[in-house]
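Presented below is the structure to which this report refers.
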Amino acid sequence: MVSKNIIPDVLTFNVLVDALCKEGMVVEAKGVVEMMIQRDIEPNTVTYNSLMDGYCLKGQIGKAQKVFDLMLSKGSVVDVVSYNTLINGYCKNKKIDEAMMLFLDMSRKGLVPDTITYNTLLDGFCKAGRIQNAQKLFYEMQACGQLPNVRTYAVLLDGMCKNRQLSTAMQLFREMEAKKLDMDIVIHSTLIEGLCIAGKIESARDLFCGLSSKGLEPDVRTYTIMISGLCIITGLTSEAENLLIQMEEKGCSPDNYTYNTIIRGFINNNETSRAMVLIQQMVEKGFSADASTTELIVHLLSKDEVDPALLPLIKQSF
DNA sequence: CTAGGGTTAG
């Protein structure tokens with residue numbers, strides 16, 4: 001029996017490189033790229049873009065930059081996606097000024113920044129607390145003919161909420177409604193969090209309760225935001241616990257974030273024994289205390305505020 | 001192949 005010798009082409013390798021990168025296996029992805037070169041299958045722009053993103057995801061921005069430089073030196077086409085990927089890498093690593101240099105660089109090369117380019121940079125500025133820069137870029141993108149989309153607004157809304165500019169956030173929210181943009185669950189969750197941060201728990205609750213009438217379903221993040229607002233920010237631990245039960249009933253499973261949030265809420269409000277019940281629940285579901293919750297629990301132990309009978313349970317939660 | 005939301009002690 002003679003088997004057909006099928007030689008994988010560049011597209012096949014690209015799928016592999018991208019999958020490895022997304023799994024965090026960037027070393028293996030690089031190995032595949034080297035193998036391609038050995039076999040005289042020239043990696044293309046997509047191959048290198050995937051590899052750059054793989055490095056960026058691991059915070060290895062220097063290596064991502066090297067891939068970018070390699071593309072330039074060997075004459076591979078560097079496209080908008082290449083720039084967007086590297087710009088995102090710099091932004092996520094808090095190097096927004098380097099990201100802006102690339103943005104200027106791409107324009108010099110005649111590449112037109114797209115909505116993704118602007119959204120990425122806007123997020124970088126917002127997360128760096130540079131709201132003024134974000135607002136300026138927001139106007140600039142529109143002047144350049146790039147229409148803001150839902151993600152653009154989501155980025156700005158989050159920036160306003162986190163930087164305690166709730167009234168500007170609310171203004172944006174209304175602007176979105178007026179523009180008939182698709183107001184999805186992310187937008188609503190973001191504003192609910194902003195309201196909680198501003199101490200407006202009643203408004204947050206109203207927005208949360210009105211979701212279903214807008215045809216939206218809260219997801220695990222929405223619930224966690226609401227639970228955090230109730231028990232950590234406001235001290236309404238019982239209501240938070242009810243919400244935990246309610247989310248389960250609605251088929252939305254709490255995750256590690258949810259449990260750590262509510263447990264911290266109970267400990268912060270000196271409700272140690274109820275916190276222990278939730279720790280037990282968390283352990284039973286296979287979740288565990290994160291670094292911050294662990295510190296709180298260790299602190300409780302040091303104050304002798306925990307029933308020694310619970311020690312095995314606590315050990316399990318770490 | 002690239003862009004948005006959740007926990008951070010005292």
Side-chain angles (χ1 to χ4, degrees), chain A residues 10-11 13-19 21-22 29 43-54 56-57 64 67 71 77-89 91-92 99 102 106 113-124 126-127 141 146 148-159 161-162 181-182 184-194 196-197 218-229 231-233 240 247 254-265 267-268 282 287-300 302-303:
Chain A
V10 71
L11 292 179
F13 277 112
N14 283 351
V15 171
L16 178 59
V17 169
D18 189 55
C21 286
K22 290 206 164 43
N44 63 18
T45 303
V46 174
T47 322
Y48 287 124
N49 287 350
S50 292
L51 189 60
M52 269 199 293
D53 197 43
C56 290
L57 287 171
V67 173
M71 292 172 80
V77 175
V78 171
D79 63 7
V80 175
V81 177
S82 314
Y83 273 98
N84 287 350
T85 303
L86 196 54
I87 285 171
N88 185 44
C91 286
K92 294 289 181 295
L102 282 167
M106 70 189 286
D114 61 12
T115 312
I116 296 180
T117 319
Y118 285 104
N119 289 354
T120 306
L121 287 164
L122 286 171
D123 192 47
C126 286
K127 294 221 164 45
M141 77 180 278
Q146 293 295 340
N149 60 18
V150 185
R151 289 191 177 206
T152 316
Y153 281 100
V155 162
L156 291 175
L157 193 69
D158 189 58
C161 288
K162 301 267 164 67
L181 282 168
D182 172 40
D184 62 16
I185 192 62
V186 176
I187 295 292
H188 284 81
S189 302
T190 304
L191 187 58
I192 289 170
E193 188 190 12
C196 289
I197 291 172
D219 61 19
V220 64
R221 293 185 180 209
T222 320
Y223 279 110
T224 304
I225 287 166
M226 212 44 224
I227 286 172
S228 166
C231 69
I232 295 184
I233 304 178
M247 72 186 281
D255 62 10
N256 225 350
Y257 281 96
T258 320
Y259 275 106
N260 276 280
T261 301
I262 195 162
I263 288 164
R264 250 200 298 268
I267 296 177
N268 285 350
M282 174 177 75
F287 300 122
S288 55
D290 63 17
S292 203
T293 307
T294 299
E295 263 194 79
L296 280 180
I297 296 172
V298 168
H299 183 66
L300 282 183
S302 74
K303 291 197 300 178

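Convention: sequence-line order gives letters A, B, ...; per-chain numbering from 1. Because only heavy atoms are used, hydrogens play no part in the values below, and waters and symmetry mates are left out as well, while side chains stay in.
- Using a 4.0 Å heavy-atom distance criterion, A:I185 is classed as a base contact.
- In this structure, A:N44 does not reach the B:dC1 phosphate: none of its side-chain N or O atoms is under 4.0 Å from OP1 or OP2.
- A:T258 comes within 4.0 angstrom of a nucleotide base, judged by non-hydrogen atoms across all strands.
- Closest to the side chain of A:A154, out of B:dG4, B:dA3, B:dC1, is B:dG4.
- At the heavy-atom level, A:D53 lies under 4.0 Å from the strands shown only through sugar-phosphate atoms.
- Counted by atom type alone, A:N88 and A:D53 present zero donor-acceptor pairs between their side chains at under 3.5 Å.
- In this structure, A:D158 atom CG and B:dA3 atom C1' are separated by 13 Å, rounded to whole Å.
- Under 3.5 Å, the side chain of A:T190 and the base of B:dG4 form no donor-acceptor pair of N or O atoms.
- Contact of A:N260 with B:dT7 (side chain to base): no donor-acceptor pair of N or O atoms is detected under 3.5 Å.
- Looking at heavy-atom distances under 4.0 Å, A:S292 makes contact with sugar-phosphate atoms alone, never a base.
- For the pair A:K22 and B:dT2, the criterion of a side-chain N or O lying under 4.0 Å from OP1 or OP2 is met.
- No N or O donor and acceptor, one from the side chain of A:D114 and one from the base of B:dA3, sit under 3.5 Å apart.
- A:V155 comes within 4.0 angstrom of the backbone, heavy atoms only, and of no base.
- Looking at heavy-atom distances under 4.0 Å, A:I187 makes contact with a base.
- In this model, a side-chain donor or acceptor of A:S189 finds a partner on the base of B:dG5 within 3.5 Å.
- A:Y83 pairs by the ring pair (Phe, Tyr, Trp, His ring centres under 6.0 Å) definition with A:F68, not counting sequence neighbours.
- Summarising the geometry, the separation between CG on A:D79 and P on B:dC1 is reported as 12 Å, rounded to the nearest angstrom.
- We find that OH of A:Y153 is positioned 16 Å from C1' of B:dA3, with the value rounded to whole Å.
- Regarding contacts with the backbone of B:dG4, every side-chain N or O of A:K162 stays at 4.0 angstrom or more from both OP1 and OP2.
- Judged as a side chain to side chain contact (heavy atoms under 4.5 Å, CB included), and not counting sequence neighbours, the contacts of A:V150 are A:M176, A:L181, A:D182, A:D184, A:I187.
- Following rounding to the nearest Å, A:R264 (CZ) and B:dT8 (C1') show an atom-to-atom distance of 5 Å.
- Listed pair A:K92 / B:dT2 fails the phosphate criterion, with no side-chain N or O lying under 4.0 Å from OP1 or OP2.
- At the heavy-atom level, A:N149 lies under 4.0 Å from base atoms of the strands shown.
- Heavy atoms of A:D184 sit under 4.0 angstrom from at least one base atom.
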Under the side-chain contact (heavy atoms from CB on, under 4.5 Å) rule, what do A:M71 and A:L51 come out as? Steps first, then yes or no, please.
CA-CA 11 Å; A:M71 292 172 80; A:L51 189 60; over 6 Å; no
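- Taking 4.5 Å as the limit, some side-chain heavy atom of A:M247 sits within range of a side-chain heavy atom of A:T258.
- Regarding A:L296, its CG atom lies at a distance of 11 Å from the C1' atom of B:dT7, rounded to whole Å.
- From A:L102, atom CG reaches atom OG1 of A:T85 across 11.0 Å, with rounding to the nearest 0.5 Å.
- Atom CD1 of A:I87 and atom C1' of B:dC1 are 15 Å apart (whole Å).
- If you check B:dG4, B:dC1, B:dG6 against the side chain of A:I225, the one that comes closest is B:dG6.
- A:E193 places a side-chain heavy atom less than 4.5 Å from the side chain of A:K162.
- For A:Y257, the listed nucleotide lying nearest its side chain is B:dT7; candidates were B:dT2, B:dT7, B:dC1.
- Protein atom CE of A:M52 is 12 Å distant from nucleotide atom P of B:dA3, rounded to whole Å.
- Looking at the side chain of A:V150, the nearest of the listed nucleotides B:dT8, B:dG4, B:dT2 is B:dG4.
- For A:T222 against B:dG5, a side-chain-to-base donor-acceptor contact under 3.5 Å is present.
- Rounded to an integer number of Å, the gap from CG of A:N49 to C1' of B:dA3 is 14 Å.
- Side-chain N/O atoms of A:K303 include none lying less than 4.0 angstrom from OP1 or OP2 on B:dG10.
- Comparing atom distances between the A:K127 side chain and each of B:dG10, B:dC1, B:dG5 picks out B:dG5 as nearest.
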